[in-house]
Each structure stands twice: as structure tokens, then as C-alpha cells.
Asks: 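Let me begin by handing over the structure; questions about it come next.
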Amino acid sequence: MMNRTVAMILNRVADLLEMDGADFRTKAYRRAAHTVEFLPEDIEFVMNEGRLEELPGIGKNIAKKIQEIINTGSLAYYEDLKAMFPVDFEELMSVEGIGPRKIKLFYEKLGVRNLEDLEYAARRHKIQRLKGMGPKTELLILKNVRFARRDTGRKLLGQIMPLGKSLKEEIEKLDTVSKVVVAGSIRRRKETVGDIDLLVVAEDHESVMDHLTGLKVVEEVIAKGPLKSSVRIKGDVEVDLKVFNAESFGAAMVYFTGSKETNVELRRVAISKGLKLNEYGVYRDDTLIAGETEDEVFRALDMDTPEPELRENRGEVDAALRGELPDLVDYTEIRGDLHLHTNWSDGKSKIHEMAKKAVDLGYEYMAVTDHFKSIWMDNGMDERDLEKQLLEIESINEKFEDSMDLCVFSGVEVDIDSEGHLNIESVLLEEIDIVVAALHSGLKQNKYGLTDRIVKVMYNEDVDVLAHPTGRKILEKTGYKLDLERIFQAALDTNTLLEVNADPDRLDLNDVIIREAVDYGCKLVINSNSHSLRDMKNMEMGVATARRGWAESKDIINTLPLKSFKKSLDLN
DNA sequence: GCCGTTTTCGGCCCGACTGTTTTCAGTCG
């Protein structure tokens with residue numbers, strides 16, 4: 001699929017146009033890039049069917065440019081712009097406080113092309129001599145160039161969410177504060193998070209700001225005003241806090257939950273209805289008509305309230321206007337976990353400990369799926385271990401049959417070998433309830449080879465689950481290239497479940513692919529892939545990801561009660 | 001450059017904070 005390349009080039013064009021201050025053309029290219037990036041179908045296919053101009057934000061001009069990119073792999077217009085401003089735009093933009101206009105100024109007046117040039121210019125005090133710049137800007141640049149080098153970019157949701165929670169509790173301690181909410185990408189449960197957004201209702205604004213900037217974890221105060229403050233806390237995480245009155249809080253939640261793209265869309269909707277939307281409320285002729293709750297705000301716009309996880313401007317605004325939002329799978333609907341590692345392989349806990357935790361989490365069933373031995377897994381089980389483990393599971397089921405209300409299924413996680421076979425004797429699998437297959441080695445094959453292996457193993461009738469299907473590690477590796485459509489089709493043909501792995505490092509499948517899979521009609525299973533008791537609560541991250549992929553409970557097999565679950569997998 | 005249930009032309013999301021100004025531009029979210 002060329003989608004990513006096309007979106008990337010359109011975005012770069014927007015970057016370069018932005019330096020020229022071409023405001024509206026920039027926005028047009030950004031919008032088109034966003035459309036292509038999250039298009040659920042192949043852009044080349046859309047082009048061949050002559051439907052490019054039907055896509056939102058794509059008109060005659062950009063359609064032509066997309067054709068050129070697909071046909072030639074590049075875009076002359078982009079190359080011309082690059083020649084005009086030969087700067088490392090992305091690198092320079094990563095310096096906080098530096099935007100397109102300053103990049104242009106520094107390039108034209110000082111020949112700055114990258115971070116190194118910028119730092120040199122600042123050190124030699126060349127910046128402060130430019131019109132509109134001063135010594136403070138120069139100091140800011142020197143400081144923030146260092147931060148840009150330290151790569152203080154986005155961090156894992158699983159890492160930041162607890163921080164947000166503890167800050168919320170810290171602010172709540174103040175008497176003057178009546179409400180605190182963590183908004184932003186954390187509330188949308190985006191897999192990576194750039195900062196923490198706190199929204200506060202309080203009578204005395206000043207004391208809230210003083211409290212925040214005085215917290216022990218705060219390393220630097222970036223900005224401090226009566227309504228809004230920003231600080232950097234330990235671990236290079238930026239925290240923004242804004243104070244609102246109660247009658248505006250719902251509008252503030254909408255606004256600061258975002259995403260930015262969704263906000264733009266919502267304001268368009270407001271304008272089309274003769275209204276104005278900002279973070280303080282919905283206005284008709286400067287009169288506040290809604291703002292206290294989110295529902296009230298969306299109602300004033302004559303639309304349903306999209307769940308925060310949907311707010312990425314991927315069609316949810318339209319769906320909400322038509323009253324056709326999906327009925328997302330709920331966090332409380334998960335009844336089992338089918339991917340758990342115990343101390344029989346590389347896990348830390350015993351089976352009965354994990355079983356107890358499963359009961360605590362309200363599950364009706366779980367599957368023990370330790371690794372089977374393989375080249376890369378030293379402490380995987382062998383045949384004899386597997387037999388012994390089966391006996392242990394049996395005795396746990398007997399022992400807890402009445403008291404625990406939990407069914408422990410036997411299982412195993414097996415490697416897919418280089419030929420697309422399972423790395424285990426098939427006779428062993430006959431006694432096992434849940435077989436989880438996964439790629440762990442031989443990953444250097446091309447897209448077709450890897451897809452062949454996976455599809456072949458899906459046709460093995462012992463296999464129930466394809467685990468972490470794309471093998472990605474967030475912020476580390478992108479995962480292997482696969483022909484997803486073939487995998488979806490194989491999943492349909494063979495009733496193989498595609499896993500949504502809830503490990504915060506993986507979240508694999510991701511939200512975008514989940515949506516494609518669900519549209520295709522595939523069934524999913526959300527698994528924690530736990531290696532310890534603590535990991536088991538990661539299930540929440542998997543559910544969040546499924547929700548971001550528009551999945552409903554009917555798409556998720558482990559929302560089924562035990563009886564129907566067993567039936568759907570042909571288990572006794 | 002795109003778009004239309006007021007429009008095929010004239011709009012295009014909006015406000016807070018900072019630094020450099022003396023009324024505003026740039027950046028951020």
C-alpha cells in the first residue's frame with residue numbers, strides 16, 4: 001500500500017508551505033494527508049477506480065499530485081519546495097518554541113539548516129540580533145536544542161497513565177479544587193502520549209497554579225498564567241494544567257480531550273449550524289447555550305457523544321451526527337484471558353496464583369499458554385513438562401470447581417517455523433484446549449514469505465489464536481510487513497482468532513488494523529500476554545485499543561460467557 | 001487548495017501565553 005508514502009509526502013509539502021506562511025494551502029495538504037493516512041483502503045485502488053476526488057479534502061489539484069506520487073514514486077512540486085528550503089524541517093521543529101516561521105527566518109538570514117547550525121548561531125549570539133528576536137529567545141533555543149537531542153518525544157501510555165493518576169490525586173488534595181480530570185491523549189487511550197493534560201474546576205485559580213508549580217516532582221516551570229500553566233516533571237514529561245469554571249467544564253473536556261483534528265471538525269459543525277464552539281462552551285450570538293457537560297455540548301451540536309477513544313477524526317464526527325456511533329466493547333465486558341505465561345516457562349507466577357487473580361478480575365475462564373521449547377526460548381516447556389502441566393491444570397480445576405467459578409483451560413504458545421509449521425508434535429496438541437501460534441524467529445523474510453507462513457499455520461486446525469500478529473514493539477520496531485487482507489481472509493475461512501495483545505509495549509494488532517479486521521468480519525481476542533500477576537491488569541490497554549479500533553463486544557470472543565465461549569471454540 | 005441545506009466566491013477553529021513589542025507575531029495545544 002502506497003498510503004503511507006502518499007500521506008508522508010503530502011505532510012512534507014504542508015511543512016514546507018507552512019514556512020512560507022501559506023496558511024490555507026497548508027491546511028488543505030494536511031487534511032488530505034490525514035485522509036490518506038487513515039483511509040481504510042488502498043489509495044492506488046481508489047485512484048484506479050477514479051474515486052480520489054470523492055475523498056474528503058482531496059480536490060482536483062491534490063488528486064493529480066497523488067497520481068503523480070503513485071505513478072512515479074515522487075512529486076516534482078515537493079522536490080522544488082525542498083530545493084527552495086533545504087532544511088531538516090522535522091529536526092528543527094522538534095525544538096520547543098521553534099515553528100515554521102522562525103525556521104524560515106533562521107535559514108534565510110543565517111543559513112541554519114539543522115540543529116547543529118541552530119545551536120552554533122545561538123552560541124555566537126546571532127539570533128538575538130535578528131528582528132523580533134531577543135536574548136530570551138536565544139537562551140530558550142540553547143536550552144531546548146538540548147532537550148530535542150535527548151529525544152523527549154512520546155512515551156508509552158502504560159508508562160504515563162499512572163503518572164497522570166497520581167498528579168490528579170495530588171491536585172485533588174486542595175480544598176479550593178472541586179474537580180480534576182486527566183484529558184488529552186491519555187483520555188483517548190492513544191498508545192503513545194506526549195504530555196499530561198489536567199483540567200481543573202477551582203474557585204481560587206492562583207492557589208492551584210502555585211500548588212502545581214510547587215510540587216516536588218516539578219523540575220521546570222515552562223509557563224505560568226492565571227488560567228494555564230505548564231511544567232516539566234521528572235522523567236522529561238510535560239504537564240499542562242488549565243482551570244475552568246463549572247459551567248465551562250464539559251466544553252473544556254471536549255476541547256482538551258481532542259484530538260486536534262476532531263476539534264477542527266467539531267468547530268466546522270458548529271459553524272455550519274450558526275454556532276460557535278470553543279473551550280468555554282457552545283455559543284449562539286455570544287450567548288452561552290451549552291458547556292457544563294460533554295453530553296450537553298454534543299447535544300447542542302445535534303449529535304451523539306463519541307467515546308473519547310474514537311476522537312481521532314476518523315469518521316466519528318459524521319457517525320455521531322447521523323446517530324450511528326458504534327456500541328464499543330466495554331472495559332467490564334471481558335470474561336477471560338487466553339494468553340498467560342506461568343513459571344512453567346518464562347512467567348513469574350504459579351498457575352493457581354494467576355487463577356486467583358483471574359477470579360479477582362471477574363473472569364470466568366483463562367488459558368495457561370506457556371511457551372513450548374524453541375531455538376530462541378531457552379526455558380520453554382518440553383513434551384514431559386506439558387504432560388505434567390496438564391495434570392496440574394486438571395487438579396486446579398477440580399479443586400476450585402465449586403469455590404472459584406473459574407475454568408482454567410490448558411494451552412500452549414508455539415512458534416511458527418520457517419516453513420509455516422508449528423514447532424511441536426501435532427499429537428501433543430490433541431489434549432490441549434487453546435493453541436496460540438506466533439512468529440518469533442526467521443523474521444527477515446519478505447512480506448510474501450512471512451504472510452505465507454502465517455496463513456499456512458492458520459489453516460492448521462489445531463491453531464486457535466494468532467498472537468501479536470504484526471510483531472511490532474511500540475517506539476522500538478514497526479513490525480513486519482504483511483499482506484493483511486490475506487490474513488483476514490484466512491481468519492474468516494479457518495475461524496482463527498486474531499489477537500489484540502494488551503502488553504503496553506505491543507498493542508498488536510493496533511487500532512487502525514483492528515478496524516480493518518472488524519470491517520472484514522474477523523473475530524478478535526484481547527489477551528494480556530502476562531508474565532506476572534501485575535501484567536494481568538494490562539487487559540485494560542487491550543480493550544482501549546480495541547475501542548479505538550471501533551470494535552464492539554460481538555467482535556471480541558472473550559466477552560462471551562463461558563458456555564458460549566466453549567461452544568464457539570468447540571471445547572468440551 | 002478545498003468546499004457549499006445561506007455560497008461556484010469568499011471564507012477557512014480558537015484562545016492563552018511569551019517575548020518583543022508599544023499593538024502584535026509566533027507557537028502551542
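All figures in this text were calculated on a predicted structure; none of them were measured in a lab.
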Asks: Checking base pairs now: Watson-Crick or wobble, both atom distances under 3.5 Å. What partners B:dT18?
Replies: B:dA25
Asks: Just confirming the chi classification of B:dT22, syn or anti, using 90° around 0 as the syn window.
Replies: anti
Asks: Whole angstroms only, please: what is the CG-P distance between A:Leu130 and B:dT21?
Replies: 11 Å
Asks: A:Leu266 has an atom CG; how far is it from atom C1' of B:dC14, in whole Å?
Replies: 13 Å
Asks: Could you tell me how far apart A:Leu140 (CG) and B:dA25 (P) are, to the nearest whole angstrom?
Replies: 20 Å
Asks: Can you tell me which nucleotide in B:dT27, B:dG1, B:dT18 comes closest to the side chain of A:Arg101?
Replies: B:dT27
Asks: Taking the same atom, C1', in B:dC12 and in B:dT7, what whole-Å distance lies between them?
Replies: 13 Å
Asks: Using a cut-off of 4.0 Å on non-hydrogen atoms, how would the nucleic acid contact of A:Lys102 be classed: base, sugar-phosphate, or nothing?
Replies: sugar-phosphate
Asks: Between A:Arg4 and A:Glu37, is there a side-chain N and carboxylate O pair less than 4.0 Å apart?
Replies: no
Asks: What is the distance, rounded to the nearest whole Å, between atom OH of A:Tyr78 and atom C1' of B:dG1?
Replies: 19 Å
Asks: Which residue pairs pass the salt bridge (charged side-chain N to carboxylate O under 4.0 Å, His left out) test when at least one of the two sits in residues 237-264 of chain A, sequence neighbours left out?
Replies: A:Asp197-A:Lys242
Asks: Would you confirm whether the ring centroid of A:Phe244 sits within less than 6.0 angstrom of the ring centroid of A:Tyr280?
Replies: yes
Asks: Are side-chain N/O atoms of A:Arg472 and A:Thr478 paired as donor and acceptor at under 3.5 Å?
Replies: no
Asks: Taking only the P atom of each, what is the distance from B:dT21 to B:dA25 in whole angstrom?
Replies: 13 Å
Asks: Write down the distance between CE (A:Met19) and C1' (B:dT27), rounded to a whole number of angstrom.
Replies: 16 Å
Asks: Closest nucleotide of DNA chain B for A:Phe256 versus for A:Tyr29: which of these residues is on the 5' side?
Replies: A:Tyr29
Asks: Nearest to the A:Thr137 side chain among B:dC14, B:dT20, B:dC17, which nucleotide is it?
Replies: B:dT20
Asks: Between B:dC14 atom P and A:Leu275 atom CG, what is the distance in whole Å?
Replies: 12 Å
Asks: Can you tell me which nucleotide in B:dG1, B:dG29, B:dT18 comes closest to the side chain of A:Lys242?
Replies: B:dG29
Asks: Give every residue pair that meets the side-chain hydrogen bond (donor to acceptor under 3.5 Å, both in side chains) criterion with at least one member in residues 267-277 of chain A, sequence neighbours excluded.
Replies: none
Asks: Using the P atom as the reference point in each nucleotide, state the distance between B:dA16 and B:dT20 in Å, no decimals.
Replies: 22 Å
Asks: Over all heavy atoms of both residues, which pair between A:Ser207 and A:Leu174 is shortest? Give the atoms and the distance, please.
Replies: O-CD1, 3.8 Å
Asks: Give the nucleotide from the list B:dT18, B:dG1, B:dC28 with an atom nearest to the side chain of A:Glu96.
Replies: B:dC28
Asks: Check every atom of B:dG15, B:dG1, B:dG29 against the side chain of A:Asn278 and return the nucleotide holding the closest atom.
Replies: B:dG15
Asks: Going by atom types alone, do A:Thr287 and A:Asp285 pair a side-chain donor with an acceptor below 3.5 Å?
Replies: no
Asks: Regarding A:Ile98, tell me which of base, sugar-phosphate or nothing describes its non-hydrogen contacts under 4.0 Å with the strands shown.
Replies: sugar-phosphate
Asks: Take the protein atom OH of A:Tyr280 and the nucleotide atom P of B:dG15, then report the distance between them rounded to whole Å.
Replies: 9 Å
Asks: Answer yes if the side chains of A:Asp508 and A:Thr470 hold a donor-acceptor pair under 3.5 Å, and no otherwise.
Replies: yes
Asks: Can you give one letter per nucleotide of nucleotides 3-13 of chain B, going 5' to 3': B for a protein heavy atom under 4.0 Å from the base, S for sugar-phosphate only, - for none?
Replies: S--------BB
Asks: Taking B:dC28 as the reference, what is the distance to B:dC13 when you measure between their C1' atoms (whole Å, please)?
Replies: 14 Å
Asks: To the nearest Å, give me how far apart CZ (A:Phe89) and C1' (B:dT27) are.
Replies: 12 Å
Asks: Rounding to an integer number of angstrom, what distance separates B:dC2 and B:dT8 when you compare their C1' atoms?
Replies: 12 Å
Asks: For B:dG11 and B:dT6, measure between their C1' atoms and round to the nearest Å.
Replies: 13 Å
Asks: Closer to the 5' end of DNA chain B via nearest nucleotide, is it A:Gly99 or A:Glu279?
Replies: A:Glu279
Asks: State the NE2-CG distance between A:His211 and A:Asp204, to the nearest 0.5 angstrom.
Replies: 12.5 Å
